[in-house]
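Notes for the one structure printed next.
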Protein chains: 4
Amino acid sequence: MPVNTPDEFAAGLGLTPTEAARRTQIIDATTEVVADEGYDRASFARIVARAGLSSTRMISYHFAGKAELMTATLTALADEHDRFVAERVPSTGDRAESLRWSIEAEIAFLAERFRQSRALTEIARHARDGDGARLGGALLHDLRVGRLERQLHQGRQEGVFGTFDVKVMALAIRQAIDGVCDRLADEPGLDPRTYAAELTRLFARATSAP
Amino acid sequence: MPVNTPDEFAAGLGLTPTEAARRTQIIDATTEVVADEGYDRASFARIVARAGLSSTRMISYHFAGKAELMTATLTALADEHDRFVAERVPSTGDRAESLRWSIEAEIAFLAERFRQSRALTEIARHARDGDGARLGGALLHDLRVGRLERQLHQGRQEGVFGTFDVKVMALAIRQAIDGVCDRLADEPGLDPRTYAAELTRLFARATSAP
Amino acid sequence: MPVNTPDEFAAGLGLTPTEAARRTQIIDATTEVVADEGYDRASFARIVARAGLSSTRMISYHFAGKAELMTATLTALADEHDRFVAERVPSTGDRAESLRWSIEAEIAFLAERFRQSRALTEIARHARDGDGARLGGALLHDLRVGRLERQLHQGRQEGVFGTFDVKVMALAIRQAIDGVCDRLADEPGLDPRTYAAELTRLFARATSAP
Amino acid sequence: MPVNTPDEFAAGLGLTPTEAARRTQIIDATTEVVADEGYDRASFARIVARAGLSSTRMISYHFAGKAELMTATLTALADEHDRFVAERVPSTGDRAESLRWSIEAEIAFLAERFRQSRALTEIARHARDGDGARLGGALLHDLRVGRLERQLHQGRQEGVFGTFDVKVMALAIRQAIDGVCDRLADEPGLDPRTYAAELTRLFARATSAP
DNA sequence: AATGAATGAGAGTTCATTCAT
DNA sequence: CATGAATGAACTCTCATTCAT
């Protein structure tokens, strides 16, 4: 099946190529600042400094506001994350095996795209709109654990797993991986592969049929 | 054994009763604001409004700065949390049993002291000093997972558990519980007991001897 | 030789005409406030009130901070001072004569541009950055006595002066003139011409060949 | 003639010994802070920290306000300065000789009591009351140059000096010495004796009979 | 498609001082 | 003689956003 080029994709959203490029540039800078300095410090001023833009006006011009900027960044990061993981998890075969591949892929994403991981969890945790309401809500939750839930659900139907609540298990897996992301941020020397192996075994046991 | 009265405890830190009371009042208001509106919105102005104080000067008078206020609040919340959990986990008996009790107690804390839970995770995740460095670091990590690590370590030595990395398992448990806290914040209708039961089983299996 | 227009000069520094005009406006107001009320009382609030601006935000927008504002003001005043003096001191002729002209010019600057003089000495004496370190240091010292030092140095080489340490003599002259500035501030009725005549004679004798 | 003990002196002003001691302690701390950090940064908070007092209330209790504290500190420093200089200048003998001794003594004061010198000039230059009016005014001026003026006046009457305006000459001497104080603050390595020798010669020539 | 210019609101912090005992 | 407790005002600086071209 034919794949859209970035330009075609952008045009589909009503964006000119220039606009799309600028948005990408700003989103990338936002990702870096959020990852390196934390969500709270990711002000327009710091983002334009990182992107090498002339004024914060550039952001306001391309995004309706801070909430939209963060939503767009979050979406872009989630897309990148999903593509990364999907590439590494075979769509065929045993679901129990798939879960192992998923956890490995998640940890690989942490290791190879650390900044993106960091920014993703930071924004998911902190982002609120002007009134203090959390962005995303149920939508955001699905963005982060939906894939795992569906995977577990299928596995349970296929009988390769034991008895457990799919939602809770998916949440636990997601949180465990995010926790590893925090650990790597605090102590950069740690080896991600250790976590991959341990978490794989942990959740293999937790989900195993009796 | 004789227990210190609050006043005696305060005096031990060089605080007068009045001072200790004010600090408590401010810490409680900070807890509420952080829990209800999030860390970012917990400005001095909102805290004094909640506490019914006359001006933000009152906070500056009793705490050296925002970082100290947040550290003090975090410490108070961690103390309360630890006491709550310790009261509900028998110090004798099977370690595997203890782990179940611990998870139940953690979820009970979420349910019965939701604001404190919320504030605790918010501050632990967000708090940074003026330069953007995360408060606590390794110390903070130990504050949150240390108890679990020690519990798991003893159980492994006693042979009641299977083979796993204690640090990773403790992290996964802590994160799973924090994730439940997030879920309850997003959808207040959820029943904590479901999570308690599911997580208890999940980690019982994950830690079980083969 | 062609002289840059102010706009061209501003453009050379990367400033638009509007920006340059605003900076000048703010610098002028700063000069007035510092001269009339002293360095300590020269807050952003008083400066915007004097300049007729809408808010202190205007200053923050055009200057990186208070230190930069003061540095810019000091530089502008020093430039004006140097131009004023240079216009009144013939570059040819006897160095001993030049020294007399310099002292006369300095006193004339005091008399004719009293506020600028006052602001210049105030800022030079008080200005510190956020950490309490004095602005300028050696650079500032050169800004204030460098011209005199060079003048005395040349005169000594030409043999029109007696024996003395150039640095000390330059410092004494500079300080004597600044002292006159203080006197005029305390008692506005005093006649600058008296000081000009007296100081001219004083330093003529002090520097004269035996 | 009998000399008052400090206690008797204090009692003469209506102060108990305890009060006098506290005032001295506070004045000394003020001197240190002003000398080390500058007048602007000499807040009550920094002074009590330096003096090891419990709260700023202690200052307010012993002094009517900041203006009185600074006046008292200035007076104490001026007294110490005058005593120091008087001890080193013979009251008999040639006035021209006396002037040389005075300058030497002034520089010695700079060198041996640097903090006191620094604080003295800082307060003399900066101190203003709440309305921005300079403290002291004419009184302060006399405090600083009065001794020199009287010395020069007598010398002129005795015919040992040439023709000059006493007030201007006194001002020039005072300012030259204060300028040396500034230099020593900026570059601590400088040798005060050089300045003593140079200034002695400078003003010997400037005041000499033709 | 981009930019220059400006802005009101709010942030945390520090200031000297005063009211109680 | 001393202290604890509290306070209103002012400070500089940063925030996201908007009005003009």
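So that the names make sense, note that chain A is the first sequence line, chain B the second, and so on, each numbered from 1. A quick note: this is a predicted structure, and the numbers were derived from the prediction, not measured.
Looking at every heavy atom in both residues, A:Leu77 comes nearest to A:Gln116 through CD2-CG, 3.6 Å.
In terms of position on DNA chain F, the residue among D:Arg22 and B:Thr18 whose nearest nucleotide sits closer to the 5' end is D:Arg22.
At least one side-chain heavy atom of D:Phe63 sits under 4.5 Å from a side-chain heavy atom of D:Ile27. You'll find the side chain of B:Arg115 reaches within 4.5 Å of the side chain of B:Asp36, heavy atoms only. With contacts defined as side-chain heavy-atom distances shorter than 4.5 Å, the pair B:Tyr39/B:Met70 qualifies. Counting only heavy atoms from C-beta outward, the side chains of D:Thr73 and D:Ile123 approach each other to under 4.5 Å. Counting heavy atoms from C-beta on, the side chains of A:Arg50 and A:Glu37 come closer than 4.5 Å. Proximity of B:Leu53 to B:Gln25: side-chain heavy atoms (C-beta onward) are separated by under 4.5 Å at one or more points.
Salt-bridge formation is detected for the pair B:Glu68/B:Arg23: a Lys NZ or Arg NE/NH1/NH2 atom is positioned less than 4.0 Å from an Asp or Glu carboxylate oxygen.
Separating the CE atom of C:Met58 from the P atom of E:dA9 is a distance of 16 Å, rounded to the nearest angstrom. We find that CD of B:Glu19 is positioned 12 Å from C1' of F:dT3, with the value rounded to whole Å. Atom CG in A:Asp40 sits roughly 12 Å away from atom P in E:dG12 (whole-Å rounding). Regarding C:Phe63, its CZ atom lies at a distance of 18 Å from the C1' atom of F:dT14, rounded to whole Å. Across the protein-nucleic acid pair, A:Arg41 atom CZ and F:dC13 atom C1' stand 13 Å apart, rounded to whole Å. Rounding to whole angstrom units, CD1 of residue D:Ile59 and P of F:dT3 are separated by 12 Å. Straight-line distance from the OH atom of C:Tyr39 to the P atom of F:dC11: 14 Å, rounded to whole Å. The interatomic distance linking B:Ile26 (CD1) with F:dA5 (P) rounds to 12 Å, in whole Å.
Phosphate proximity of F:dA10 to C:Arg46: absent, as no side-chain N or O sits under 4.0 Å from OP1 or OP2. Contact annotation: C:His62 reaches the phosphate of E:dA6 (side-chain N/O to OP1 or OP2, under 4.0 Å). For A:Ser55, no side-chain nitrogen or oxygen approaches OP1 or OP2 of E:dG4 to under 4.0 Å.
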Problem - Nucleotide-resolved protein contact map, nucleotides 16-21 of chain E, B/S/- at heavy-atom distance under 4.0 Å - result: BBBBB-

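Taking a pair as Watson-Crick or G-U wobble with both distances under 3.5 Å, the runs of three or more consecutive pairs in DNA chain F are E:2-21 with F:2-21.
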Problem - Verdict with supporting geometry, C:His62 and C:Ile59, side chain to side chain contact (heavy atoms under 4.5 Å, CB included) - result: CA-CA 5 Å; C:His62 288 284; C:Ile59 299 180; over 6 Å; no

